[in-house]
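Residue numbers begin at 1 in each chain, while the letters A, B, ... track the order of the sequences. These numbers come from the heavy atoms of this one structure, side chains and all, not from hydrogens, waters or symmetry mates.
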Amino acid sequence: MSLDTTLQDKAFKSVGTRPTRPDGVDKVTGRARYGADFNMPGQLVARVLRSPHAHARIKSIDTSKAEALKGVKAVITSADLPDLSNGDEGLFATLDNCMARDTAKYDGHAVAAVAAIDEKTATAAMKLIEVDYEILPHVVDVDAAMAPDAPLLYDTVFTSGIEPAPTTPSNVANRAELGHGDVEAGFAAADVTVERSYKTEQTHQGYIEPHACVASCNPDGTAELWVCTQGHFVYRQKCAELLGLEVSKLRVTSSEIGGGFGGKTHVWAEPVALALSRKANRPVKLVMSREEVFRASGPTSATSIDVKIGATRDGRITAASATLRYTNGPYADMWAELGAMTAFACYDLEHVKTVGYEVLVNRPKVAAYRAPSAPMAAFAVESAVDELAAKIGMDAVEFRIKNAASEGTRSSYGPVYGPIGIGPTLQAAKDHPHMNAPLGPNQGRGMACGFWFNFGGQTCSDLNINADGTVTLAVGTVDVGGSRASLSLVAAEELGIDYQDVKAVIADTATLGYNDMTDGSRGTFSSSMATISAARNAIQIMRERAATMWDIPVEDVYWEDGHAHAAGQNHGNRAPLSVKEIAAEAGNTGGPIAGHSELVADGAGVSFATHICDIEVDPETGSSRVVRYTVIQDAGKAVHPSYVEGQYQGGATQGIGWALNEEYIYGADGRLQNPGFLDYRIPVCSDLPMIDTQILEIPNPNHPYGVRGVGETSIVPPLAAVANAVSNAVGVRMSHIPISPPRILAALADAQDG
Amino acid sequence: MRYERPQTIEDAAALLAGPEAKSFVLAGGTDLLVRMQNDAFEADLIVDIKAIDGMDAIAETDDGFVIGAAVPCAALAEHASLTAAWPGVVEGANLIGSTQVQGRCTMVGNLCNASPAADSVPALVAADARVRIVGPAGRREASVLEIPTGPGKTSLAKGEVIEALVLPKRAAGSGDAYLRFIPRTEMDIAVVGVGVNLTVDEAGTVTSARVALGAVAATVLLVQEAADALVGSTLDDAALQALAAACSAAATPIDDKRGTVAFRKHVAGVLARRAAQAAYDRAGGK
Amino acid sequence: MIEVKLWAGLRPLADNQSVVRVEARTIREMLRKLEERYPGLAAPIRGQVAVAVDGVIYRDDWSRELPEGAEVMLMRRLAGG
Amino acid sequence: MSSIAVSTTINGDDVEYLCQPDETLLDVLRNRLGLTGAKEGCGTGDCGACSVVVDGRLVCSCLVLGAEAEGRSIETIEGMADGSELHPLQRQFIEHAALQCGICTPGFLVAAKALLEQNPNPTETEIRFWLAGNLCRCTGYDKIVRAVQAAAAEMRGEPA
């Protein structure tokens, strides 16, 4: 990487201000085009037939009646998406999830699809497809799936990560162990120990825009895909691999995206739309219904977690351990291991051990959801930490401050930390007026910490200096929450020009080099690095052009405040040249001026947050209401503080919903009972108070401006903060999320009986 | 499928009595259009009754209020004397769905959808409201309680359509209230709903009462034991406890995605107490 | 000489060692040498690993130089939302 | 199933279209009239992203049949700005960063405008309950509520 990422000690002019976003007017006037807002000539409409069974062998599929229906242009099954994975298990899982092969593995699993001239015809055709299922026993609960007599999803899965390898198959795909020290010795040294089991239910990212795409395959092998995605380059790669297309011939354009939170990092319907288009030789539009979104895309894991933590009477943790069991859906991944890595990341522990089990169940394939796997682990650990603090009679914040990780601490997932923000967020919480505000009747206060890694990745940007001196910034990381504004600020900062003179756009896959997805809180972190690099390259060219215009050596030209300056005694009286003046002469000084950048933006700083939550509980009904909420999080450097606050507030709210009401509810038949926004209860406007935020800026030493990712960490603490608040309000430890009214009321009744 | 917009209620009834097997009345459409989203839903005929004269009117008569079948719930709260007379009925109706749904949904639709959890029905049952029905055999009246016969089922015969809802005139010293429990603050289906309507004398003694429970049985329940607990009392703690016990005992809910049996039975009693207190206060009981 | 710590899942592929010593100046050189010595590591190195160097996680930047005495760990490559 | 001819008014303009009897107003707006500002988040009236105003009442266009628009007056997000002049709500949403992904924004704006026309000085609680049928998954609603408050103050002529 050519970019010097050394942290600059500089006063910012643009970065840190709050200008309006470049896509604002389009979005408030209804002109912005999302996934379903695009059409192509001759476009067909697709519908996907989905399994009504949680687990069933597909004995046969008869599509003849559907194909015979007038207006139907293509019907596909797995035969039209042949296995090209060549031993790549991850790719095969993606393929099988997009279109079931021999077995349907969950309620909602795609088994066939239709493209027809309109939706009505497509729906009629879909209902004419005859699938002969042999219903198989199913399992959806994480603990039930681990039982020795559980129905098996596969008889070929033998838990990896265990020595010696098991000889009988199970639903546990992998066991992963992390940690350091000797936890048994650590527990022996403890005066007080807390040990408890926790459960969390499965939640969905709940983005308001359902998955939507328009696919168009041409007979010459070229293809176009318009799609709402967090990463159009990744979608291009996956679709090309799954369909056997040449990457260069598949052009993917990312629409405006109506939320993703990890759920739009995985392909679901896009390969199906392309396969339909290839068969029908017409463009195909595929828009999932809300029910399909819930049944067949993106949920996170349901979990079952045991935590044990010991401490001395003076408040020092001596050892901590956790066993984490995460559902993966039908395909093995690393969700429990991620939970195991993050579980104790906030603390400085001499002895720590975490074990993660990846559990296969008849639920949809788990997708990343904002700091994937961390919120559930934090719920369990932060609940136990609170309980332990109470047991030794220490204030919950003090106890955490005493045990917080800091620079030089060996993290529970292995590496030693550089400068980190957990201590400062805790100190800020301690000092925050919220922490000492009086509570009303039936109210409880809880606080909790959270951690997320953040990461960077492959990034490519173009920065074009236009003839009038304005700047077009083309980036390849999808803007999901205002990053075009942030990146324009960064370009303006580096070039020394006005924010208003920069226009950032998201380029399609044919017009820019590869970019990783907007995930892992990497969008602004990575693309700001690429933007800085591109700007510096453009400045280099502008210095050369100024030198040409002045007819002096380029070494004598330096860049400052958006102008080329002639340095030294010989050229001292030349008036500086602005970007505008240099751009105006570009045609005669060497042609267009642009800065390009291709880099790997590694070195994303880890991120910590501390949340404070006040809850009021109605002891007669178990109803609960968040009455005050504060988020304190380290941003490294907040490029556009309004959108940083927005990330904090949005993450907190998703976490509050997860904690209190959201859950996948399955019937005894293994079918999802609440695939809609009526009964999958995400927070509504009247459920919440204002969400206060406090941005801390502990610079990331690996970014020129100190930026850290900010998008994900904010969803990590709320489950625990809410649980601690409710537990404090009702005097009963709440260990099962969501903490719904029936669970609160049942806990109160148990406490009374006990 | 056909869409028809008749000009008279008789034409609407005639259309509904026609040969089509699956006919539906469209007023607010907030239940019907949701059902239409389902791939399994089929309809032969939809009869939009909103073009019929008077369907969207609220009339105050000597006997009470006549509310057209197509009056959106949002319009109820805008009617001052209706709200003053029947605050519980209006608050029940106004709890159905969002602001957007309020702009379309109707109490008659809520009734005919026959969901056990319908928010407007317990208060209407408590109010002893009646409906005017037009059908092939002419006109008839029925009490609201008689209309739903089970989840999704009504006692209306083929070709019958409800024209209006009738709320009786209020005796002096009367008040009503409706409370429901939902996990969120809005946008939920009632887990339990309680409507209480009562009249008090000048001494603050309850002289008559009706208590109705929603979402705890296949249809809304009118609980006589609950009313008996209130009548003759000044809503003292003992009366409220007896009321709560009667409601919890009368509730025969199921475990489902929205709540458990134990939760619903308990909360039915809690909400009954609170609703009774609100109705009593409105009646001028203190 | 760099000491490379392996996560538990990799150890069976590297003669059950948790720490492997290699002479390497960059991440790339280190990974190449690990792969040469333990061919079983080739598959995870292609796509499953990230490298933590003194606490900073590198997923793709294999040109990163390894300072003398640096703490180097192979970690699972993360997913994000 | 034969199509129905509908004459209606949309954002002040006379509009005629043909639609199927079971087609929603949302589908008509989006697929027949090219007015894609109203979004389909659920199709069942639970998210508010398709909010429009019909004869002065705020509704979800996914819960209205296209055929029902006959003779009515419909307002959509596309008619909210006055030429190049954004409505105060639109401007305040941008200035308050009240949108992140923006998919729910048209619905929120249409709903908030209906609120302020009926209640020019709503409390925070009134705003929150009025907007409870509009789901936002990005913002946590904080900045949305503040933007509505700011727009309301501006429309009342109060200094910012």
For chain B, find its close neighbours in residues 68-79 of chain D: heavy-atom separation under 4.5 Å, sorted by number, or none.
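Only D/E68, D/E70, D/R72 of residues 68-79 of chain D have a heavy atom under 4.5 Å from chain B.
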Within residues 56-65 of chain D, residues adjacent to chain B where the heavy-atom gap is under 4.5 Å
D/R57, D/L58, D/V59, D/C60, D/C62, D/L63, D/V64, D/L65
Chain D-proximal positions within residues 107-116 of chain B [heavy-atom distance under 4.5 Å]:
none
Measure distances from [X] to the heavy atoms of chain D and classify the residue's part below 4.5 Å as side chain, backbone, both or neither.
X: B/A43; result: neither
X: B/E78; result: side chain
X: B/R5; result: side chain
X: B/L26; result: side chain

Out of curiosity, B/D53 CG to B/D56 CG, how far, rounded to the nearest 0.5 Å?
8.5 Å
How long is the gap from CG on B/L124 to CG on B/D119, to the nearest 0.5 Å?
11.0 Å
Please give me the minimum heavy-atom distance between D/A49 and D/I103, naming the atom from each residue.
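Answer, listing the atom of D/A49 first, then D/I103: CB-O, 4.4 Å.
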Can a side-chain donor-acceptor contact be found between [Y] and [X] if the only test is distance below 3.5 angstrom?
X: D/D27; Y: D/Q20; result: no
X: D/E154; Y: D/Q92; result: yes
X: B/Q100; Y: D/S51; result: yes

Pairs touching residues 42-75 of chain D that satisfy ring pair (Phe, Tyr, Trp, His ring centres under 6.0 Å), sequence neighbours left out:
none
Applying ring-ring contact (aromatic ring centres under 6.0 Å, His included), run through B/F24 and B/F41 and close with a yes or a no.
CA-CA 12 Å; B/F24 296 88; B/F41 180 84; 5.1 Å; yes
